[in-house]
Amino acid sequence: RVAELAPHGRQMAPYACQRRTPLLHSNQPLTEALETLAEEAGFSGSEGRSLAFTRAASVLKALPGRLGALEELGSLPGIGEHSRRVIQDVLEDGVCAEVERVKLSERYRTMKLFTKIFGVGVRTASRWYQEGLRTLLDLQERNTKLTRQQQAGLRHYGDLNTPVERSEAESTSRAVQEAVKRFLPGASVTLAGGFRRGKPRGHDVDLLLTHPEEGREVGLLSRVVSWLDSQGLILYQHSQENSYGLREGPEPLGGRDVMDRFERCFSIFRLEAQGGPGAPRGWKAVRVDLVVAPVSQFPFALLGWTGSRHFERELRRFASRERKMVLNSHALYDTRQNLFLPATSEEEIFQHLGLEYVPPAQRNA
Ligand code: 8DG
Ligand code: MN
Ligand code: MN
């Protein structure tokens, strides 16, 4: 049985970035249960506990087949006592009572409802919950103070929580590509995020812009966004300027967080419906992230924006703990040699890290 779990006689590697994790796997009921607890722990501000459940789920996603018995867990890394109990319950009864309780709890359900609003994080949702708010109607009726972003999120709540289909992501990408061509021929638009990992649908469209000549990309984004806006394609947007390189030396950029310093635009597009004549309405609101990277940073940006979030977190943890390197979406820095390690492709970044290359479709950790 152990041989079955560890193909080629190898033990499962401890870091998710050392494993291949396909989109579809055989342990869905187990990972769903663990990820519910991870989410719930996140809602309570217990980041460490959340990460432990996420790690356990991620290990199961990398198994080549269904976990049949609890004994098989012995050879797997990173599965704690609590996760083990959850797995046991699901294996024996098909469900875990603790998970079912969480899913039914008022707090979990309300937190989920609120954090699904664009612009609402755990802190805000938690405050609203404490103030006694429970529904979207409560937010409106009690005149809760909302940012412009949250107002847009509430206005388009239904659409933004309807999965974006791949065809919609592709037509969004084409619209951006056409706008980019108007202002900077030769610039490229790359679909990153979950779609690049092969997901058939997602919660948004992540697009990376660059130009083969360093520096030419400066100023592109605001022109593209203004033009799309003038065409009536943009329902909401807020942009952020590039703030990388303003300080000397490498920055871990907040450690566990994925936020970077590229020029970017968080937006909601008004996408013409592809449903044809029978469609109930002519358009759909779709969340789009536009990010601009200078070409020298592009491979790092692409790697960073392809995800999954857990895969990224593990890459950075591996880099720092095992290689004494700092990896972010801008660069890779070797603290032993005190130098930046440049790369022209994702493959080169894996090489610098001494990792076997993991293609995007296998980064669904
Ligand atoms: P989904 O949209 O299909 O639900 O999944 P996803 O595409 O994997 O998730 P995402 O929330 O769109 O994030 C895509 C990747 O972008 C993820 O690995 C994190 C990464 N990312 C960065 N920097 C930043 C940042 O500043 N903000 C956000 N939201 N994501 C970032 O590298
Ligand atoms: Mn995405
Ligand atoms: Mn995104």
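Treat the numbers as computed from the prediction; the structure is a model and nothing was measured. Counting convention: from 1, in listed order, for ligands and their atoms alike.
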Which pair of non-hydrogen atoms, one from [X] and one from [Y], has the smallest distance, and what is that distance?
| X | Y | value |
| --- | --- | --- |
| Leu133 | Thr110 | O-CG2, 3.7 Å |
| Ser58 | Ala365 | OG-CB, 3.5 Å |
| Thr306 | Leu302 | OG1-O, 2.6 Å |

Member of Glu35, Gln28, His25 meeting the side chain to side chain donor-acceptor pair (under 3.5 Å) criterion with Lys61: Glu35

Distance under 4.0 Å to a non-hydrogen atom of [X]: what atoms of ligand 1 satisfy this?
| X | value |
| --- | --- |
| Lys199 | 1 (P), 3 (O), 4 (O), 5 (O) |
| Gly307 | 18 (O) |
| Ser329 | 32 (O) |
| Arg264 | 25 (C), 26 (O) |
| Gly202 | 3 (O) |
| Asp204 | 2 (O), 12 (O) |

Any N or O of [X] closer than 3.5 Å to N or O of ligand 1:
| X | value |
| --- | --- |
| Arg201 | no |
| Gly194 | yes |
| Arg197 | yes |
| Asp289 | no |
| Gly193 | no |
| Glu312 | no |

Distance below 2.8 Å from the Mn ion (ligand 3): protein N/O/S atoms: Asp204 OD2, Asp206 OD1, Asp289 OD2

Heavy-atom donor-acceptor pair, Glu168 side chain to Glu165 backbone, under 3.5 Å: yes

Thr115 (side chain) donor-acceptor with Met111 (main chain) under 3.5 angstrom: yes

cation_pi(Arg107, Phe43) dist<6.0 Å, angle<=45: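 No, a cation-pi geometry is absent between Arg107 and Phe43.
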
Distance under 6.0 Å and angle within 45° of ring axis: Arg134 vs Tyr129: yes

Just checking [X]: does its [atom1] atom have more than 12 heavy atoms from other residues, nucleotides or ligands closer to it than 6.0 angstrom?
| X | atom1 | result |
| --- | --- | --- |
| Glu241 | CD | no |
| Arg127 | CZ | yes |
| Leu104 | CG | yes |

Identity of the nearest option to atom 4 (O) of ligand 1, non-hydrogen atoms only, from His310, His203, Gln240: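 Heavy atom nearest to atom 4 (O) of ligand 1 belongs to His203.
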
Identity of the nearest option to atom 23 (N) of ligand 1, non-hydrogen atoms only, from Asn364, Leu303, Asp260: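 When every heavy atom of Asn364, Leu303, Asp260 is considered, Asp260 comes closest to atom 23 (N) of ligand 1.
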
Residue list, ring-ring contact (aromatic ring centres under 6.0 Å, His included) with His238, at least two apart or on another chain: Tyr236, Phe266

Parallel, tilted or perpendicular: rings of Phe350 and Phe311 (30°, 60°):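 Rings of Phe311 and Phe350: tilted, 30 to 60°.
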
